[in-house]
Amino acid sequence: MEKKRELTKSLLAESFKELLIKGSFDKITIKTITDLAGVIRPTFYNYFQDKYEVMEWLLETEVFQNAREMVVSDMPKGAIHLVFKKMEKDRVYYQKAFEVTGQNGFEEILTRQVMELLELLLNKHGVKLEKMQGLRNRETFVLFQTISVVNGLKYWITNKNTTLTADEAMEFCNFMMSHSILDIMD
């Protein structure tokens with residue numbers, strides 16, 4: 001019975017994803033999701049409150065669940081790399097997802113997920129405060145790192161002229177996070 005529940009939830013989420021790729025978030029209704037999934041409308045509410053929760057569940061299950069497992073298994077670089085690889089795999093979906101703005105928008109959901117991942121990473125591996133050179137507030141440090149990762153992902157995914165692979169985007173993001181403009185000036 002539990003397996004059937006998970007299959008139905010996945011089917012609803014995949015239907016949402018397909019509809020978002022083909023159209024606009026605002027035009028997707030619960031009915032269009034359930035029609036595509038082949039279930040009745042009330043079934044949706046057994047699994048999700050709204051479309052935003054579907055988007056959040058997809059990001060959690062397809063990207064961040066595995067990334068957190070990698071952090072716990074002492075593979076922190078692999079965890080962040082996985083985020084880039086998963087988003088590259090479903091690039092068109094994530095391009096459309098970034099168009100969902102405002103409260104509960106995709107960027108807000110992604111920011112929470114990245115922040116939780118970075119917090120887990122720091123909790124698991126600790127922080128050397130002396131390396132932060134004057135920035136002694138861990139929350140501020142995590143927030144700045146989160147903003148860097150989220151904006152890097154957003155630019156890379158949404159910019160139609162960017163031809164970087166996930167590996168190249170990850171390398172670029174690492175470089176940007178480890179160097180200030182003052183470090184690279186002549």
Side-chain angles (χ1 to χ4, degrees), residues 5-71 79-80 82-123 138-160 162 166 169-170 173 177:
R5 283 190 55 77
E6 283 302 311
L7 285 172
T8 303
K9 189 171 190 174
S10 294
L11 181 62
L12 288 164
E14 286 302 315
S15 295
F16 167 81
K17 185 190 277 190
E18 185 178 327
L19 290 165
L20 186 61
I21 289 169
K22 291 179 180 175
S24 156
F25 181 81
D26 293 335
K27 299 242 191 279
I28 298 171
T29 65
I30 304 309
K31 180 151 177 39
T32 58
I33 295 169
T34 56
D35 284 352
L36 185 59
V39 297
I40 59 174
R41 189 173 182 273
T43 302
F44 179 88
Y45 297 104
N46 292 331
Y47 301 93
F48 302 106
Q49 290 180 345
D50 55 28
K51 300 181 294 186
Y52 297 99
E53 190 175 344
V54 178
M55 222 171 18
E56 187 167 1
W57 185 82
L58 281 165
L59 189 61
E60 166 62 25
T61 58
E62 293 184 347
V63 179
F64 284 91
Q65 186 175 26
N66 293 331
R68 276 194 298 282
E69 288 170 9
M70 291 182 85
V71 168
I80 301 211
L82 180 69
V83 172
F84 279 81
K85 291 298 264 186
K86 293 283 192 169
M87 291 186 88
E88 178 181 50
K89 179 180 173 277
D90 281 329
R91 187 180 199 119
V92 175
Y93 167 73
Y94 288 112
Q95 285 172 339
K96 298 290 284 197
F98 270 114
E99 293 173 7
V100 180
T101 59
Q103 187 177 7
N104 299 321
F106 179 75
E107 191 170 339
E108 184 180 306
I109 295 167
L110 179 62
T111 298
R112 278 194 310 269
Q113 293 281 1
V114 169
M115 189 174 283
E116 287 174 16
L117 182 67
L118 296 180
E119 282 286 353
L120 177 64
L121 206 152
L122 292 179
N123 288 339
R138 178 180 159 147
E139 281 182 28
T140 303
F141 177 75
V142 170
L143 180 60
F144 272 74
Q145 293 296 319
T146 299
I147 291 168
S148 295
V149 171
V150 169
N151 283 319
L153 284 166
K154 182 178 181 179
Y155 175 79
W156 170 59
I157 290 292
T158 61
N159 187 326
K160 307 261 193 262
T162 301
M170 173 70 187
C173 187
M177 289 173 68

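The figures that follow rest on heavy atoms only: side chains count, while hydrogens, waters and symmetry mates do not.
- Using a 30° and 60° split on the angle between ring planes, Tyr94 and Phe106 fall in the tilted class, from 30° to 60°.
- The shortest distance between side-chain heavy atoms of Thr101 and Glu108 does not fall below 4.5 Å.
- Residues Ala67 and Val83 come closest through the heavy atom pair CB-CG2, 4.1 Å.
- Closest approach of Arg91 and Thr162 over heavy atoms only: NH2-O, 4.0 Å.
- Across all their heavy atoms, Thr34 and Ile40 have their closest contact at CG2-O, 3.8 Å.
- Here the NZ-OG1 distance, from Lys9 to Thr61, works out to 8.0 Å after rounding to the nearest 0.5 Å.
- Salt bridge Glu60/Arg68: present, at least one basic N to carboxylate O contact under 4.0 Å.
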Take Lys51 and Phe25, measure what side chain to side chain contact (heavy atoms under 4.5 Å, CB included) needs, and give me the verdict at the end. CA-CA 9 Å; Lys51 300 181 294 186; Phe25 181 81; 3.6 Å; yes
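- When all heavy atoms are compared, the tightest approach of Tyr52 to Asn104 is CD2-O, 2.9 Å.
- Taking all atoms of both residues into account, the shortest heavy-atom contact from Asp90 to Glu62 is OD2-OE1, 3.7 Å.
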Before giving the answer on side chain to side chain contact (heavy atoms under 4.5 Å, CB included), spell out for Phe16 and Met55 the whole-Å C-alpha distance, their side-chain angles and the decisive distance to 0.1 Å. CA-CA 8 Å; Phe16 167 81; Met55 222 171 18; 4.0 Å; yes
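- The closest donor-acceptor contact from the side chain of Asn159 to the backbone of Tyr155 lies at 3.5 Å or more, if one exists at all.
- With salt bridges taken as basic N to acidic carboxylate O contacts below 4.0 Å, one links Glu56 and Arg112.
- With rounding to the nearest 0.5 Å, the separation of CG in Leu118 from CD in Gln113 is 11.5 Å.
- Between Met170 and Lys85 there is no side-chain heavy-atom pair separated by less than 4.5 Å.
- Trp57 and Tyr47 have their aromatic ring centers separated by at least 6.0 angstrom.
- Between the side chain of Thr32 and the main chain of Ile28, no donor-acceptor pair closer than 3.5 Å is present.
- A distance of 12.0 Å separates CD1 of Ile30 from OG1 of Thr43, quoted to the nearest 0.5 Å.
- By the 4.5 Å heavy-atom criterion applied to side chains, Met70 and Leu121 are not counted as neighbours.
- The CD atom of Glu119 lies 7.5 Å from the CD atom of Glu139; values are rounded to the nearest 0.5 Å.
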List the steps and the verdict of side chain to side chain contact (heavy atoms under 4.5 Å, CB included) for Val142 and Met115. CA-CA 7 Å; Val142 170; Met115 189 174 283; 3.8 Å; yes
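- With rounding to the nearest 0.5 Å, the separation of CD in Glu88 from CG in Leu153 is 11.5 Å.
- No donor-acceptor pair under 3.5 Å is formed between the side chain of Lys31 and the backbone N or O of Arg41.
- Smallest separation of non-hydrogen atoms from Val39 and Leu12: CG2-CD2, 3.8 Å.
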Could you give me the CA-CA distance, side-chain angles and deciding distance for Lys86 and Asn66, then say whether side chain to side chain contact (heavy atoms under 4.5 Å, CB included) is met? CA-CA 10 Å; Lys86 293 283 192 169; Asn66 293 331; 3.9 Å; yes
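- A centroid separation of less than 6.0 Å is found between the aromatic rings of Phe48 and Phe44.
- At a threshold of 4.5 Å between non-hydrogen side-chain atoms, the residues Val71 and Leu117 count as touching.
- Residues Phe84 and Cys173 are in side-chain contact: their nearest non-hydrogen atoms beyond the backbone lie under 4.5 Å apart.
- Formation of a donor-acceptor pair under 3.5 Å by the Lys17 side chain with backbone atoms of Tyr93 is not found in this model.
- Here CG of Leu11 is found 7.5 Å from CG of Leu36. Values are rounded to the nearest 0.5 Å.
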